[in-house]
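Structure, as structure tokens:
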Amino acid sequence: MIGRPGVIHLTSGNASDVKTAPAVLDKAPGPVRRLIADKGYDADWLRQELRQHGISVVIPGTRARKRKIRLDKRRYRDRWRVEAVLCRLKAFRRIATRYDKLARNFASALALAAVIAFWC
């Protein structure tokens, strides 16, 4: 990843990140070798599904886990790239505040912001 968004996938405001992860990964523009995510994606079923597809998992375990998960801290440091992409997109006021009522209008504004922020 060179710091550009690979997938733009809108969900409802109350949708869980972990439940939408498979849909986002299916839309990926190429083979996914590694998923680096935060604790919001910590679920055994997701870890198992990713491993079945040959994707290495770099997700820290939550505090509530009874069995601790080993974390590759060196690879987890690359998660800043995801945060940097989101920060650049949120520099556009329309994206940060979500003025649009319709999802298609917001998706259009998001795509336009991504083009301006990353390809111009």
Atom CZ of Arg94: over 12 foreign heavy atoms under 6.0 Å
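Open: at most 12 neighbouring heavy atoms sit under 6.0 Å from CZ of Arg94.
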Can you confirm whether His9 is buried at NE2, in the sense that more than 12 heavy atoms of other residues, nucleotides or ligands lie under 6.0 Å from that atom?
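Yes, enclosed.
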With clusters defined by side-chain heavy atoms of hydrophobic residues (ILVMFWY) lying less than 4.5 Å apart, directly or transitively, does Val58 cluster with Val18?
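Val18 does not cluster with Val58.
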Please say yes or no: joined through hydrophobic side-chain contacts below 4.5 Å, possibly via intermediate residues, are Val82 and Trp80 part of one cluster?
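Each belongs to a different hydrophobic cluster.
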Find the distance between [atom1] ([X]) and [atom2] ([Y]) and round it off to the nearest 0.5 Å.
X	Y	atom1	atom2	result
Arg104	Lys101	CZ	NZ	14.5 Å
Lys90	Thr97	NZ	OG1	11.0 Å
Leu25	Leu46	CG	CG	7.5 Å
Arg98	Phe106	CZ	CZ	5.0 Å
Arg51	Gln48	CZ	CD	8.5 Å
Lys39	Arg65	NZ	CZ	11.5 Å

Would you confirm whether Asp42, through its side chain, and Thr62, through its main-chain N or O, come within 3.5 Å as a donor-acceptor pair?
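Side chain of Asp42 to backbone of Thr62, a donor-acceptor pair under 3.5 Å: yes, one is there.
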With a 3.5 Å distance limit and no angle check, can you tell me whether Arg79 reaches the backbone of Ile36 through a side-chain donor-acceptor pair?
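Checked: no pair found.
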Quick check: closest heavy atoms across [X] and [Y], and the distance to 0.1 Å?
X	Y	answer
Ile8	Ala114	CD1-CB, 4.3 Å
Pro22	Glu49	CB-OE2, 3.7 Å
Ala109	Asp100	CB-OD2, 4.0 Å
Val7	Val24	CG2-O, 3.9 Å
Leu10	Ala107	CD1-CB, 3.4 Å
Leu35	Ile55	N-CG2, 3.8 Å

Could you go through the side chain to side chain contact (heavy atoms under 4.5 Å, CB included) check for Tyr76 and Asp38 one step at a time?
CA-CA 9 Å; Tyr76 188 68; Asp38 60 5; 4.1 Å; yes
Where do Tyr41 and Val57 land on the side chain to side chain contact (heavy atoms under 4.5 Å, CB included) test, with the steps shown first?
CA-CA 10 Å; Tyr41 291 87; Val57 180; over 6 Å; no
Side chain proximity check, [X] to [Y], heavy atoms < 4.5 angstrom:
X	Y	value
Arg4	Trp119	yes
Phe92	Leu112	no
Leu89	Leu110	yes

Tyr99 and Asn105: CA distance, side-chain angles, deciding distance, side chain to side chain contact (heavy atoms under 4.5 Å, CB included) verdict
CA-CA 10 Å; Tyr99 285 134; Asn105 293 350; over 6 Å; no
Salt bridge (Lys or Arg N to Asp or Glu O under 4.0 Å) between Arg34 and Asp78: does it pass, once the steps are laid out?
CA-CA 11 Å; Arg34 182 179 312 117; Asp78 287 337; 5.3 Å; no
